[in-house]
Amino acid sequence: MQRAPNILLDRLRLGYGDNIVLEDVDVALPASKISVILGGSGGGKSTLLRHVLGLEKPMEGRILIDGHDIFKLDPNKAHDLRGEMGVLFQNGALLGSLTLGENVALPLREHTELDEETLETLVRLKLSLVGLDKFMEYYPSQLSGGMRKRAGLARALVLDPKILLCDEPTSGLDPITAAELDQLILDLHDTFDMTIVVVTHDLDSLFTIADFVVMLHKGQVLFQGSLDDLKNSNNEFIRQFLGRKPGERQLPDF
Ligand SMILES: Nc1ncnc2c1ncn2[C@@H]1O[C@H](COP(=O)(O)OP(=O)(O)OP(=O)(O)O)[C@@H](O)[C@H]1O
């Protein structure tokens with residue numbers, strides 16, 4: 001895969017057992033852009049990300065990464081495709097018993113056979129990208145929430161992914177730290193050719209980082225398009241949602 005891929009969500013129905021979480025999801029997330037998936041709590045944002053990662057299989061429909069369906073590839077190619085995707089999980093998902101350096105090194109150990117010296121150089125490089133190279137020997141519990149998110153980003157980036165998926169990157173952060181994280185995502189996007197997908201219910205993040213927006217509502221896609229199209233939408237729910245006052249970062253339950 002030479003360039004950042006697009007992600008096609010083709011007539012998806014997603015859920016668990018008998019519980020359908022999302023239906024009729026027909027969306028093309030553009031290559032090399034930042035797509036923001038909006039939705040209320042429990043609306044299926046994390047579910048969608050887990051499916052894009054290939055951790056769950058759609059009930060119906062397909063997810064195509066640059067035309068490849070992860071469930072149709074042979075196991076080696078599916079493993080390679082997963083290696084092209086970096087993920088920042090909601091809580092950073094760092095292992096508490098490992099230092100930052102060891103946490104960031106994990107994907108390299110799983111997907112490469114690099115010697116220890118090269119591995120350490122790469123880890124230091126990725127930690128410096130997010131401003132944490134001085135903290136390589138620290139444990140997650142010794143860091144602030146914002147630092148843990150940045151460390152999670154460094155780990156997501158360590159294999160030079162073509163796709164970066166972020167699950168509510170600003171949740172639990174104060175507004176200033178949240179704005180810094182948004183800026184970091186923008187800087188990374190400007191520096192590396194990546195397709196970035198951010199799921200959030202943070203309005204300020206939306207306005208700061210989005211090239212393309214998908215809004216999930218009541219188990220379906222209520223809107224997809226550019227930020228300008230979203231702002232110009234006549235849909236009453238969308239107008240209400242965009243009318244929220246500045247500083248009110250979180251959406252209400254909907
Ligand atoms: N592993 C699972 N097994 C069964 N049901 C699940 C599982 N994960 C999520 N769900 C259900 O799917 C629905 C959507 O959850 P999901 O976590 O995708 O929403 P979300 O939009 O990410 O929410 P939040 O903003 O609160 O993180 C919920 O009803 C949840 O209970």
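Heads up: numbering here begins at 1 and tracks the sequence. All figures in this text were calculated on a predicted structure; none of them were measured in a lab. When a ligand or atom number is given, it counts from 1 through the structure's own listing order.
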Checklist entry - Does the salt bridge (Lys or Arg N to Asp or Glu O under 4.0 Å) test come out yes or no for E84 and K162, once each step is laid out? => result CA-CA 5 Å; E84 299 279 3; K162 293 282 178 201; over 6 Å; no

Checklist entry - When you look for protein heavy atoms under 4.0 Å from ligand 1, which residues do they belong to? => result Y16, V21, G40, S41, G42, G43, G44, K45, S46, T47, Q90, E168

Item to check | Heavy-atom closest pair, residues L53 and R82 | outcome: O-NE, 3.4 Å

Next on the checklist: Through direct or indirect side-chain contacts below 4.5 angstrom among Ile, Leu, Val, Met, Phe, Trp and Tyr, which residues connect to L8?
Outcome noted: L64

Next on the checklist: Ignoring hydrogens, what is the shortest heavy-atom contact between T170 and L181? Give both atom names and the distance.
Outcome noted: N-CD2, 4.4 Å

Checklist entry - Which pair of heavy atoms, one from A156 and one from V87, lies closest together, and at what distance? => result CB-O, 3.4 Å

Checklist entry - F71 ring centre to K57 NZ or CZ under 6.0 Å, with the angle to the axis within 45°? => result yes

